Protein chains: 2
Amino acid sequence: MRTYDYLLNYDIKPSVQRIAIMDYLLEHRTHPSIDEIYMALCDEIPTLSKTTVYNTLKLFVEHGAAQMLTIDERNVNYDADIQLHAHFLCKKCNRIYDFPANREEEKVHSMNLNGFDVEEIHQYYKGICPSCASQMKKEEN
Amino acid sequence: MRTYDYLLNYDIKPSVQRIAIMDYLLEHRTHPSIDEIYMALCDEIPTLSKTTVYNTLKLFVEHGAAQMLTIDERNVNYDADIQLHAHFLCKKCNRIYDFPANREEEKVHSMNLNGFDVEEIHQYYKGICPSCASQMKKEEN
DNA sequence: TTTCTTATTTGTAATTATTACAATTTCTTT
DNA sequence: AAAGAAATTGTAATAATTACAAATAAGAAA
């Protein structure tokens, strides 16, 4: 499906900027930050403003077309994959990896009973990724 | 146990500032931010610097005496409860509530198999808390 | 097509959280 | 008390985010 229609499905009026940003999100599953997206699209859209990237991502989240990850304390990251899945943040390289979610967690949605209206579920792990771990072993020698 | 000894247990050399900050964390289970802690202790310790609050919380986390929550995109929050438990962030009032964790998640620690060294597990929920929900209902009328 | 209206984008400035770092103070040890 | 180390402080720098008004683009009506 074209990104144009993809956006329409989420009731988002497509524009050059919005399509480019969503395209980037869909093609780069690295959970990019605002800055990464902005930097990457500067060539393609030389007039692009960082404010637009902020506005657009906010719009995507509001329309359910993307989710915001607050796992990294330094900045917020975005993910076009809105299916429930877990994330692993490497404390060394700050890369964010996808992991299967604990499906048990979905039951939490029924926690509504307690009066808490759960709209989002996040499962975050933090530690050292295999790539950094082996790197660190090498440096020990 | 006195906070003095409590800190020593975590191999943290006690000081007026560190004791005051840990006391605050232990007595206020509201997952305060740096700013909240700083503001609250300004009266007690008039010379307190915000940098000290930053340094101290960093130290606490390094020594395992507190955990850092990155659930709120606006700023980082701290929790003296280092037992595995889940958190609920109300999108309206930004309060953070404690919830029992899904114990299944602990198994993730053995995810080491895949080469990922999991040091921290976080379970976050976001939505509307009962207090805000009833408030919003009232305002509808 | 031209005009009017609305939505989107842009750029700048303001705000806020966090970090860097040197100077000062406090604590320990002698 | 003096010397050395550790902790604290204050200021300045950095970086992320937001506010907002002006400019541009898009769409509807004439």
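We name chains A, B, ... by the order of the sequence lines, and we start the count at 1 in each one. The structure presented is a predicted model; accordingly, all values stated were derived computationally and were not measured.
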Original post:
dA7(C) P sits how many Å from Asp11(A) CG, rounded?
Top reply: 15 Å
Subject >> No-hydrogen, no-angle side-chain donor-acceptor test under 3.5 Å, Asp23(B) and Thr3(B) >> reply: yes
Original post:
Between Asp72(B) (CG) and dT16(C) (C1'), how many Å, whole number?
Top reply: 13 Å
**OP:** Kindly check if the number of other-residue, nucleotide or ligand heavy atoms within 6.0 Å of CD (Gln83(A)) is above 12?
**Re:** no
Original post:
If you find the nucleotide of DNA chain C closest to Asn75(B) and the one closest to Val16(B), which residue's nucleotide is nearer the 5' end?
Top reply: Asn75(B)
Subject >> Spacing of Ile34(B) atom CD1 relative to dT19(C) atom C1', expressed in whole Å >> reply: 12 Å
Original post:
If you look at every heavy atom in Arg29(A) and Asp81(A), which pair is closest and at what distance?
Top reply: NH1-CB, 3.5 Å
Original post:
Can you tell me how far C1' of dT26(C) sits from NZ of Lys13(B), to the nearest Å?
Top reply: 11 Å
**OP:** Could you tell me whether the side chains of His85(B) and Asp79(B) share a donor-acceptor contact shorter than 3.5 Å?
**Re:** yes
Original post:
Is Arg74(A) near enough to dT18(C) that one of its side-chain N or O atoms lies under 4.0 angstrom from OP1 or OP2?
Top reply: no
Original post:
Do Phe116(B) and Phe99(A) make the cut of ring centroids closer than 6.0 angstrom?
Top reply: yes
**OP:** For the residue pair Tyr124(B) and His87(B), categorise the inter-ring angle as parallel (less than 30°), tilted (30 to 60°) or perpendicular (more than 60°).
**Re:** tilted
Original post:
For DNA chain D, what residues of residues 40-60 of chain B have any heavy atom nearer than 4.0 Å?
Top reply: Thr47(B), Leu48(B), Ser49(B), Thr51(B), Thr52(B), Asn55(B)
**OP:** Using whole Å, report how far CG of Leu7(A) lies from P of dT8(C).
**Re:** 12 Å
Original post:
Does the side chain of His122(A) reach to within under 4.5 Å of the side chain of His122(B), using non-hydrogen atoms?
Top reply: no
Original post:
Separation of His63(A) atom NE2 from dA7(C) atom P, in whole Å?
Top reply: 13 Å
**OP:** Of all the heavy-atom pairs spanning His63(A) and Asp11(A), show the shortest one and how long it is.
**Re:** CE1-O, 3.0 Å
Please table the atom pairs, donor to acceptor, closer than 3.5 Å between any side-chain atom in residues 39-47 of chain A and protein atoms at least two apart or in another chain.
none

**OP:** With a 4.0 angstrom cut-off to heavy atoms of chain B, pull out the first and last contacting nucleotide of DNA chain D, in 5'-to-3' order.
**Re:** dA6(D) to dT11(D)
